[in-house]
Protein chains: 2
Amino acid sequence: MADARDIPVTPSEPPLRRGEGLAAWRQIADALAGEIGSGALPAGGQLPTEAALAKRFGVNRHTVRRALASLAERGLVRATQGRGTFVEQAPLAYPIGPRTRFSETVTRAGREAWGDLLGARVLAADAETAEALGLAPGAAVVEMLTRHRADDTPLSTARTSLPLPRFAAFDAAYARLGSITRAFGAFGVDDYTRLSTRVGARAASAEEAARLDIAPGRPLLTVTSVNVDGRGQRIQATQSLFSADRVELILE
Amino acid sequence: MADARDIPVTPSEPPLRRGEGLAAWRQIADALAGEIGSGALPAGGQLPTEAALAKRFGVNRHTVRRALASLAERGLVRATQGRGTFVEQAPLAYPIGPRTRFSETVTRAGREAWGDLLGARVLAADAETAEALGLAPGAAVVEMLTRHRADDTPLSTARTSLPLPRFAAFDAAYARLGSITRAFGAFGVDDYTRLSTRVGARAASAEEAARLDIAPGRPLLTVTSVNVDGRGQRIQATQSLFSADRVELILE
DNA sequence: GATGATTTGTTCGTATGTATC
DNA sequence: GGATACATACGAACAAATCAT
């Protein structure tokens, strides 16, 4: 039966150069990456099926899969079993500076921001957290595990520690207000700034990937920061994990 | 002939659980990751060959390759054609500040900094570079590919574009002086500042990994920046790739 | 809700190329 | 040069998830 998908996407596909030291799967990946970059394959759009691509490039389906795996590794596409392979959205520009607010950034990008409280507990601060907050080792802190979304897409997840007793029941305020800034407001903190920020990168564990709705092993930007209130008191130590596929940090 | 490699590493290999929804390659990867983590397979040591592992786990060599690919993605092992597959060394961490010159930062840390010129060419700027430098599309630029080391350990590699004709033969100055700052000095630019900086993260390609002497797939911090001279003229657009295993960015 | 078609995921088999020792 | 070991590619089959009917 004739089907629209049998018609090649490009009328004249340039043939692969075989036996010149450049693997076929690499040439296919480059060709597809170019079409994504040029917009010929729009963000969110579906790629042709593996079988269709194999036919188009004149190779085995394995070879196409190798090319698609390379694109998925670069974060350009994402495959879902039973559905297909889709072009990923370009990452959201996320300004990071002394006064950046997650909710403001996302709202300014025309998307709706919300933070989910995934869990909270009171515990004795570990050495690293105590030092970051300027507390005695073992001082009590409230620790929250949160996830931050823009229009239902998780952008980051964070583990935040705040000193007690000043911020007792901060987690309840956060759960109600969905924003650190608003929760601080409820505790009389109208202004806060970043004291220090460290940025690294690593691959997501299975658990982190599940929280961010990404595949395990996808790259994360790790942002470790300390916030101070208007009087210079350290009020918050946070370890944030941003999906590098969805967020790009803009340094100010 | 009997060979040491014919003797199983573990005398009693627990059989793979088939048909329980957990892919065989995943179970093999988990088993090997456990042996690496426990030190049974020491850092720098060689893994059994793919054929030996296939025999040990009772699977096809493809299945072992899938497991090894997963370990390589996580940075636990590194395969070299013709030699074998080896356990990666534990990563070294190295901090670097964002607002300082690379050479100054490294020197202040008590290490010797040098930049290698890996290649250079004159070409017409692509759309992105032209916009970053404030040039007309297609304007001529000199593009350099560089690698930056601290005490012989590669920390980053970069692709830098500078406008022509102002910076003609900049690559020769860079090759001689080993530093952007010093090369700019040779062109009468005594001061320059960062106009914008974007930070992302992704996995290293094979080529990038080779330049940085890391395993392909290891995380990279991508830093895209534009520099301006003392009069605000855009003089340099750079895409830097830092090995996230060796560098953590510190924002002040 | 059940079924079948579609599409990606996994596995085995086989062959050849290429780098290293 | 030969042996070894990883890299690439093709072919076939079935499993698993999704979606339209």
Side-chain angles (χ1 to χ4, degrees), chain A residues 1-6 15-30 32 45-73 76-88 213 215-217, chain B residues 1 3-6 15-30 32 45-73 77-88 205-207 209-210 215-217:
Chain A
M1 290 250 285
D3 189 318
R5 278 165 301 192
D6 290 337
L16 299 178
R17 296 194 311 270
R18 308 303 279 261
E20 297 184 23
L22 191 55
W25 67 262
R26 219 173 267 280
Q27 298 179 51
I28 294 168
D30 288 346
L32 294 175
Q46 182 170 9
L47 270 69
T49 68
E50 294 174 352
L53 289 172
K55 189 173 178 186
R56 167 181 158 190
F57 289 103
V59 298
N60 189 274
R61 185 170 147 241
H62 279 313
T63 309
V64 166
R65 280 182 63 77
R66 184 71 188 82
L68 291 176
S70 134
L71 295 179
E73 203 172 314
L76 269 58
V77 306
R78 181 175 189 179
T80 308
Q81 187 172 169
R83 290 216 311 135
T85 307
F86 300 84
V87 180
E88 285 277 58
D213 190 25
Chain B
M1 292 258 284
D3 190 316
R5 277 168 301 196
D6 290 334
L16 299 179
R17 296 193 310 271
R18 308 306 281 257
E20 295 183 23
L22 190 56
W25 67 262
R26 219 173 267 280
Q27 298 179 50
I28 295 168
D30 288 346
L32 293 176
Q46 181 171 9
L47 269 70
T49 68
E50 294 175 351
L53 288 171
K55 188 175 178 185
R56 167 180 158 191
F57 288 104
V59 298
N60 188 273
R61 194 176 134 241
H62 280 313
T63 309
V64 167
R65 279 180 64 76
R66 183 71 189 82
L68 291 177
S70 137
L71 295 180
E73 201 171 320
V77 306
R78 180 177 189 176
T80 307
Q81 188 171 164
R83 289 187 57 224
T85 306
F86 299 84
V87 180
E88 281 278 62
S205 71
E207 193 191 346

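Proteins get letters first, then strands, A, B, ... in listed order; numbering begins at 1 in each. A quick note: this is a predicted structure, and the numbers were derived from the prediction, not measured. Side-chain atoms are counted along with the backbone in the values below, which use heavy atoms only and exclude waters and symmetry mates.
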Q | Least distance between heavy atoms, A:Trp25 atom then A:Ala67 atom | A | O-CB, 3.2 Å

Q: Using a 4.0 Å heavy-atom cut-off across all strands, classify B:Ala24 as base, sugar-phosphate, or nothing.
A: sugar-phosphate

Nearest listed nucleotide, side chain of [X], among [options]:
{"X": "B:Thr63", "options": "C:dT11, D:dC10, C:dT10", "value": "C:dT11"}
{"X": "B:Glu50", "options": "C:dT8, D:dC6, C:dT10", "value": "D:dC6"}
{"X": "B:Ala79", "options": "D:dT8, D:dA7, C:dT8", "value": "D:dA7"}

List, with names and distances, any nitrogen or oxygen atoms from the protein found under 3.5 Å away from nitrogen or oxygen atoms belonging to nucleotides 12-14 of chain D.
unit_1, atom_1, unit_2, atom_2, d
D:dA12, N6, A:His62, NE2, 3.1

Q | Under the side-chain hydrogen bond (donor to acceptor under 3.5 Å, both in side chains) test, residues paired with B:Arg26 that sit two or more places apart | A | none

Q.
The criterion is salt bridge (Lys or Arg N to Asp or Glu O under 4.0 Å); which residues satisfy it with B:Arg78, sequence neighbours excluded?
A. B:Asp213

Q: List for me each residue that meets salt bridge (Lys or Arg N to Asp or Glu O under 4.0 Å) alongside A:Glu50, sequence neighbours excluded, and say none if there are none.
A: A:Arg61, A:Arg65

Q.
Assuming nearest nucleotide by heavy-atom distance, tell me which of A:Gly58 and B:Thr85 is located more 5' along DNA chain D.
A. B:Thr85

I'd like a table of atom pairs between the protein and nucleotides 17-21 of chain D - only N or O on both sides, under 3.5 Å - with the distance next to each one.
none

Could you work out, with side chain to side chain contact (heavy atoms under 4.5 Å, CB included) as the rule, every residue matching [X], not counting sequence neighbours?
{"X": "B:Ala79", "answer": "B:Thr85"}
{"X": "A:Ala72", "answer": "A:Val77"}
{"X": "B:Asn60", "answer": "B:His62, B:Thr63"}

Q. Under the side chain to side chain contact (heavy atoms under 4.5 Å, CB included) criterion, do A:Leu32 and A:Leu76 qualify, and how do the steps go?
A. CA-CA 10 Å; A:Leu32 294 175; A:Leu76 269 58; over 6 Å; no

